[in-house]
Amino acid sequence: MIIADVISWVMIIVGSFFLVVGAIGLIRMPDIFTRMHALSVSETMGVGFLLGGMMVQAGFTLVAFKLICLFVLLFFTSPIASHAISRAAMADGVEPVLDGPEIDARSDKHDMPLEDRRKTTTAIDADEAELSASVLVEDEEIEKGEK
Amino acid sequence: MFILAMIAVLVALSLAVFRALAGPNVFDRLLAANFIGTLAIMLLAVLGFLNGRPEFLDVGLVYAFLNITGTYAVLKFFRYGALGGEAPPNEEDENRKGFSGVHKT
Amino acid sequence: MSEALINTVLLSLLACITIGIVRTRNLFGVVVLSGIYSLLIASVMMVLDAVDVAMTEASVGAGMSTVLLLGTLYLTKGHEMKAFKPPLLPLFVAIGVGAMLVYGTIDLPPFGAADQPVNQHVGPDYLARSKPETGIPNVVTSVLASYRGFDTLGETTVVFTAGIGILMLLRRRRKKDDTLREGEK
Amino acid sequence: MIFEEFINYYNYFITLFLMSSGLYIVVARGNMVKKLVGLGLFQTSVYLLYLSPGKILGGTPPILAEGYEVYSNPLPHVLILTAIVVGVATLGLGLALVVRIHEAYGTIEEDEIFSKGDDLQEEDNKNSTLPGDAK
């Protein structure tokens, strides 16, 4: 009995930790896509561990069955909802925030088009720009080769 | 021990509410709303164990179904511009964009 | 004591969401925030022991109201509210009414006390009579359907009337659309 | 213990804050959809005002079972169940009215509707042939 208690406590602590980490990711990440990424993964983990810990506490009862139903439902629907949100954001024209020190999560540059935002980033190294250009060229070559 | 889980749920709820208030566009608010729905389910499950009467998880099941249905309704509206009927799934139509308030014209 | 503290935290979050609803200008943002508001107030109702009310509020507030508001926004093509100057008179009216109500609240019994007059006569009576007289363990259901059945009948009448009103308001529109389409052909 | 007093009356304070906010939105904002959302805030504050006194600390929901002595008051729950359903009926009817107003005037902002209504009235007065209709 003590072993079951210890298992459930550990699971509840881990689940709480994951929930709070997901919420912090929701606050700290710069744009909708990274927020979705940080949130959905840790949300599924946290919910799973919390419900598992409660299942161990409940034992073989109707409550445990309801918890299993909840777990299955959330396990399948919450990633689908996250995917749908990011897909709808993409279809609506929300641009992802690309890297660069000028683009900050707390700045109000989300409203700007992508080109203007790139102009404002002055700190991109020449090497980095070259690298990205070469990657683009490689991509085009690959596409041509496929055709 | 359930008090610790309850504190974690409440802290996560506060952070999600902050994101829902501060979110620059509608999709951030929607992501926070989805997370708040999940957290409401967790809150009432933990609350049942905390009060020693964990029989009311049916309400949590209802919340889960409603959460997914509401999110899909809003997202379908944003993507296709209609809630039902024969809306064409044309994602390139520029007239349909701009629900999120990102495109200020 | 923990119940009262959870209640306090949830109510504070509710107040924050309310400020957000007042300040947001994007109507879709308002709809999403009102959905969050419904979920939070359903959680508050769970803490206040009103299980049936929480279930109804979640399904009606977060589910149905959101869909109705979205349908209206689709039909009226309303995306954004107009910018406006905050008028002072409504602010003073709201603050004045709030202050008077706070003054009236001071005499109410404190939260959660078992010996306040609300919980003295009718509630315990229903709790004692429900099981022997109707055989239903859920007292809310037995009062709603048995002791106060005519109330529920009146409520159904109200909902029926509202449905008829909505149908009459929106039916004319569909006819107009049809005639327009025929005119185009 | 000022903190305890504050906790004791916090429910009522938040209820009244919601009520004032709903009143402010209904009176001050010109957008009709927003006005209906504000009306919803006002209704919800009334739900809270009814449900808060019914709670008994340490009690359980009023579903009878073995081993529980203290139950919360079931009567406010019944009243509020009725009120919620009537509230959504009101919201639906109001939104249908908003749709009709948008068809008639082309806008859902209140001040624009008022100015357009004045224009329509003046046109009617000019076009009317009967002398009795002019006023």
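Throughout, protein chains are lettered first and strands after them, A, B, ... in sequence-line order, and every chain is numbered starting at 1.
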Given the options [options], which has more heavy-atom pairs under 4.5 Å with chain D than any of the others?
{"options": "C:Asp151, C:Val122, C:Leu108", "value": "C:Leu108"}
{"options": "C:Val118, C:Leu48, C:Ile106", "value": "C:Leu48"}
{"options": "C:Thr24, C:Val22, C:Val47, C:Thr18", "value": "C:Val22"}
{"options": "C:Val51, C:Leu91, C:Thr156", "value": "C:Leu91"}
{"options": "C:Ser38, C:Ala4, C:Pro90", "value": "C:Pro90"}

Could you tell me which portion of [X] (side chain, backbone, both or neither) has an atom closer than 4.5 angstrom to a non-hydrogen atom of chain C?
{"X": "D:Leu95", "result": "both"}
{"X": "D:Val37", "result": "side chain"}
{"X": "D:Leu41", "result": "both"}
{"X": "D:Ile14", "result": "side chain"}
{"X": "D:Leu36", "result": "neither"}

Side-chain heavy-atom pair [X], [Y] within 4.5 angstrom cut-off:
{"X": "C:Tyr126", "Y": "C:Arg148", "value": "yes"}
{"X": "D:Ile84", "Y": "C:Val53", "value": "yes"}
{"X": "C:Val97", "Y": "D:Met19", "value": "no"}
{"X": "C:Asn7", "Y": "C:Phe111", "value": "yes"}

If we define contacts as heavy-atom pairs under 4.5 Å, which of [options] has the most with chain C?
{"options": "D:Val26, D:Val86, D:Thr60", "value": "D:Thr60"}
{"options": "D:Thr15, D:Leu16, D:Leu23, D:Asp111", "value": "D:Leu16"}
{"options": "D:Val98, D:Val33, D:Val27, D:Leu18", "value": "D:Leu18"}
{"options": "D:Ile80, D:Ile101, D:Thr107, D:Ile7", "value": "D:Ile7"}
{"options": "D:Ile56, D:Val70, D:Val88", "value": "D:Ile56"}
{"options": "D:Asn73, D:Leu48, D:Ile25", "value": "D:Asn73"}

**OP:** Decide side-chain contact (heavy atoms from CB on, under 4.5 Å) for C:Phe28 and C:Val31; before the verdict, give the C-alpha distance in whole Å, the side-chain angles of both, and the deciding distance to 0.1 Å.
**Re:** CA-CA 5 Å; C:Phe28 290 103; C:Val31 171; 5.5 Å; no
Side chain, backbone, both or neither: which part of [X] has a non-hydrogen atom closer than 4.5 Å to chain D?
{"X": "C:Asn138", "answer": "both"}
{"X": "C:Gln116", "answer": "side chain"}
{"X": "C:Leu5", "answer": "side chain"}
{"X": "C:Ser12", "answer": "both"}
{"X": "C:Thr152", "answer": "neither"}
{"X": "C:Val30", "answer": "side chain"}
{"X": "C:Leu127", "answer": "both"}

Original post:
Which pairs with one or both residues in residues 1-20 of chain C pass salt bridge (charged side-chain N to carboxylate O under 4.0 Å, His left out), sequence neighbours excluded?
Top reply: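 Found C:Glu3-D:Lys55.
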Original post:
Do D:Glu110 and D:Arg29 sit within salt-bridge range, that is, some charged N less than 4.0 Å from a carboxylate O?
Top reply: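 No, no charged N to carboxylate O under 4.0 Å.
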**OP:** Answer yes if the ring centres of D:Phe13 and D:Phe17 are under 6.0 angstrom apart, and no otherwise.
**Re:**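 Not under 6.0 Å, so no.
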Original post:
Counting only heavy atoms not in D:Tyr68, do more than 12 fall under 6.0 Å of its OH?
Top reply: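 More than 12 heavy atoms, drawn from other residues, nucleotides or ligands, come within 6.0 Å of this atom.
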Just how far is it from atom [atom1] of [X] to atom [atom2] of [Y], taken to the nearest 0.5 Å?
{"X": "C:Met100", "Y": "C:Thr105", "atom1": "CE", "atom2": "OG1", "answer": "11.5 Å"}
{"X": "D:Phe3", "Y": "D:Tyr10", "atom1": "CZ", "atom2": "OH", "answer": "10.0 Å"}
{"X": "C:Leu170", "Y": "D:Leu97", "atom1": "CG", "atom2": "CG", "answer": "9.0 Å"}

Original post:
Would D:Tyr9 and C:Val102 count as a side-chain contact (heavy atoms from CB on, under 4.5 Å) if you check the C-alpha gap in whole Å, the side-chain angles of each, and the deciding distance to 0.1 Å?
Top reply: CA-CA 10 Å; D:Tyr9 290 95; C:Val102 165; over 6 Å; no
Subject >> Donor-acceptor pair between C:Tyr147 and C:Ser130 side chains, under 3.5 angstrom >> reply: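 Distance-only check fails for C:Tyr147 and C:Ser130.
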